[in-house]
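These notes concern the structure reproduced below.
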Number of protein chains: 2
Amino acid sequence: MEQDIKVSVDAVVFGYDPEPKVSVLLIKRKFAPYQGEWAIPGGFVKNHESLEHAIYRELTEETGIIMDYLEQLYTFGHPNRDPRSRVISVAYFGLVRPDTYKIGAATDAEKAEWFDINDLPPLAFDHQNILNKAIDRVRAKITYEPIGFELLDERFPFSDLENLYSTLLGRPIDRRNFRKKILSFGMLDELDEKVSRGAGRPANLFKFNKERYFQLKSEGILFEI
Amino acid sequence: MEQDIKVSVDAVVFGYDPEPKVSVLLIKRKFAPYQGEWAIPGGFVKNHESLEHAIYRELTEETGIIMDYLEQLYTFGHPNRDPRSRVISVAYFGLVRPDTYKIGAATDAEKAEWFDINDLPPLAFDHQNILNKAIDRVRAKITYEPIGFELLDERFPFSDLENLYSTLLGRPIDRRNFRKKILSFGMLDELDEKVSRGAGRPANLFKFNKERYFQLKSEGILFEI
DNA sequence: TCAAAAGTGTTAGAGGTACACCCATGG
DNA sequence: CCATGGGTGTACCTCTAACACTTTTGA
């Protein structure tokens with residue numbers, strides 16, 4: 001008997017809104033099954049495109065967003081995960097910076113919206129599983145690879161980084177120890193620029209130095225929180 | 001245009017032969033393409049079986065081996081990775097214990113053989129990529145999860161564990177510090193049994209206590225080398 | 001001048017790393 | 001009795017974790 005299995009790609013796209021909260025991009029489904037329900041963006045792979053190309057294409061079509069970081073997460077293949085037919089889904093997770101985030105939030109054309117990861121609507125298919133796995137992965141990954149910077153503006157005050165980590169990890173962090181540790185890696189450039197956000201002393205801006213990171217990595221010096 | 005993509009599963013199965021060396025199970029292909037060349041075992045997924053079921057089935061059919069540990073690795077989907085048509089492969093890696101290992105080595109029925117990971121033949125398709133990724137993953141994973149025990153007999157002398165780690169990590173380890181650290185987790189039961197292997201003082205046997213491991217894990221105590 | 005956020009050092013304790021000799025057995 | 005692999009303790013040093021006050025600005 002001929003194999004009859006469809007292949008789709010789906011992406012859990014994270015954004016960081018320095019309220020602080022971590023958000024996920026969801027779309028409202030236009031067609032059955034699960035019509036009118038929320039789902040993570042994605043769709044079927046075309047015959048001659050790569051999986052990465054497919055996910056970029058779908059995200060552009062459905063949400064207009066462009067990710068700053070993308071990584072394969074897991075492949076979900078349970079035989080009954082789609083009520084129509086056998087569909088396996090190669091899931092990815094993506095990270096976007098706040099400026100992109102803002103644009104995405106305005107793109108109502110396709111009915112895409114950001115949701116706080118602690119306040120999600122019910123999701124179509126097995127998308128809650130996918131989302132849970134993505135959250136676990138991001139949480140674990142920010143402790144040993146510097147992917148957190150992909151959720152911040154290119155130039156950011158140190159407190160944004162602090163808040164991102166303590167929000168994602170779900171626990172308070174010691175500001176002094178955290179700053180000491182991060183700066184000791186020498187992967188951040190301190191800029192001669194300050195930013196003031198309402199009350200309080202203005203903060204110095206920092207920039208993640210990717211070249212320096214790769215150099216240090218090749219010397220065996222690892223990022224780790 | 002209708003989607004026409006095939007889905008296969010492939011598994012990189014590791015065994016540990018306390019020579020010491022780490023081996024991978026390969027099969028010699030019977031049919032084109034790449035007829036007569038070595039490849040990692042795998043095959044097409046049936047319409048109504050799960051991906052895990054598919055990989056277990058294929059491994060039984062092709063090599064007669066039963067894995068002690070299996071984990072999804074990555075999904076390879078480049079449009080040209082199979083010369084016949086579009087095929088995406090969900091890759092897994094598996095670990096087997098030496099007793100299973102021995103049986104597998106004898107199962108010549110399907111022309112399956114073990115190869116030292118440092119002395120491999122050229123591989124069909126993109127299987128070298130898959131293998132590289134699997135090796136990287138296993139190497140990284142044994143440092144933060146106790147999967148190494150799935151490569152040893154249920155009861156093993158401590159030196160087997162030492163040799164496994166130093167072989168996989170590709171560097172010498174300090175015997176005293178390693179033993180101190182591993183035993184400090186309290187995940188190993190020391191048995192009242194010794195084993196003698198040729199010359200030298202007989203070694204005490206140990207056993208990995210899985211229940212204790214999960215208990216400690218739930219208390220937040222993590223395995224880490 | 002007050003509220004709010006940024007910036008900054010020290011100390012005690014835990015954990016990691018380096019290191020060498022004796023023990024038990026088989027041949 | 002000798003070759004081979006098994007088993008063990010200590011000291012230094014680095015890294016982590018705990019902890020509170022001063023500075024700079026906007027309102």
Side-chain angles (χ1 to χ4, degrees), chain A residues 16-21 143-144 152-153 155-167 169-207 216 219-225, chain B residues 16-21 142-144 152-153 155-167 169 171-207 216 219-225:
Chain A
Y16 179 62
D17 182 1
E19 275 199 37
K21 71 176 187 202
T143 69
Y144 63 87
L152 302 178
D153 283 318
R155 299 167 320 129
F156 57 88
F158 210 88
S159 54
D160 274 10
L161 194 64
E162 278 167 35
N163 291 327
L164 171 62
Y165 271 80
S166 94
T167 305
L169 299 178
R171 56 181 161 84
I173 55 177
D174 184 291
R175 289 171 53 230
R176 279 179 287 191
N177 292 339
F178 183 74
R179 174 186 271 249
K180 222 182 307 172
K181 188 157 197 178
I182 297 279
L183 291 181
S184 73
F185 293 129
M187 296 168 186
L188 291 191
D189 294 340
E190 186 161 7
L191 307 175
D192 279 335
E193 234 173 318
K194 292 188 198 302
V195 67
S196 184
R197 288 194 186 150
R201 174 174 174 174
N204 241 303
L205 291 178
F206 289 82
K207 191 178 171 199
L216 289 166
E219 292 168 11
I221 291 158
L222 296 179
F223 179 90
E224 198 190 351
I225 299 302
Chain B
Y16 179 61
D17 182 1
E19 276 198 39
K21 71 175 189 203
I142 55 160
T143 70
Y144 62 86
L152 302 178
D153 283 318
R155 299 167 320 131
F156 56 89
F158 211 89
S159 55
D160 274 10
L161 195 63
E162 277 168 34
N163 291 328
L164 171 62
Y165 271 80
S166 95
T167 305
L169 299 178
R171 55 180 161 85
I173 56 177
D174 184 290
R175 289 170 54 227
R176 278 179 288 192
N177 292 338
F178 182 75
R179 173 186 273 250
K180 224 184 304 174
K181 188 155 195 177
I182 297 279
L183 290 181
S184 74
F185 293 128
M187 295 167 185
L188 291 190
D189 295 340
E190 186 162 8
L191 307 176
D192 280 336
E193 233 173 319
K194 293 189 197 303
V195 66
S196 186
R197 288 193 186 152
R201 176 175 172 174
N204 242 302
L205 290 179
F206 289 83
K207 191 178 170 196
L216 290 166
E219 290 169 12
I221 291 158
L222 296 179
F223 179 90
E224 199 190 350
I225 299 302

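First the proteins, then the strands, lettered A, B, ... as listed; each starts at 1.
A 4.5 Å side-chain heavy-atom check between B:Phe156 and B:Leu188 finds at least one atom pair inside the cut-off. Under the 4.5 Å side-chain criterion, counting only non-hydrogen atoms from C-beta, A:Phe206 is not in contact with A:Leu161. Taking the side chain as every heavy atom from C-beta outward, A:Asp153 and A:Leu205 never approach each other to under 4.5 Å.
If you check D:dG6, C:dC19, C:dT10 against the side chain of B:Asn177, the one that comes closest is C:dC19.
Residues B:Phe158 and B:Leu183 come closest through the heavy atom pair CE1-CD2, 4.0 Å.
Ring planes of B:Phe178 and B:Tyr165: tilted class, angle from 30 to 60°.
One atom, CZ of B:Phe178, and another, C1' of C:dC19, lie 18 Å apart when rounded to the nearest Å. Atom C1' of nucleotide D:dG9 and atom CZ of B:Arg179 are separated by 13 Å, given to the nearest angstrom. Rounded to whole Å, the distance from CZ on B:Arg171 to P on C:dA18 is 11 Å. We find that CD of B:Glu224 is positioned 15 Å from P of D:dC15, with the value rounded to whole Å. Atom pair B:Leu205:CG and D:dG6:P shows a separation of 12 Å (rounding to whole Å applied). With rounding to whole Å, A:Lys180 atom NZ is found 16 Å from D:dT14 atom P. When rounded to the nearest whole Å, the span between CG of B:Leu161 and P of D:dG5 equals 18 Å. Distance, B:Ile173 CD1 to C:dA18 P: 13 Å, rounded to whole Å.
At the heavy-atom level, A:Asp174 lies under 4.0 Å from base atoms of the strands shown. B:Lys181 comes within contact range of the sugar-phosphate backbone alone, with a heavy-atom separation under 4.0 Å but no base atom that close.
Of the side-chain N and O atoms in A:Ser159, none sit less than 4.0 angstrom from OP1 or OP2 of C:dA5.
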With 3.5 Å as the limit, what N/O pairs link the protein to nucleotides 20-22 of chain C?
from, atom 1, to, atom 2, distance (Å)
C:dA20, N1, B:Arg176, NH1, 3.3

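Contact annotation: side chain of A:Lys194 to base of D:dT23, donor-acceptor pair absent below 3.5 Å.
Heavy-atom contacts from other residues, nucleotides or ligands closer than 6.0 Å to NZ of A:Lys207 number 12 or fewer.
B:Asp174 places a side-chain N or O within 3.5 Å of a backbone atom of B:Arg176 that can act as its donor or acceptor partner.
Each of B:Asn204 and B:Ala199 was matched to the nucleotide of DNA chain D holding its nearest heavy atom; the match closer to the 5' end belongs to B:Ala199.
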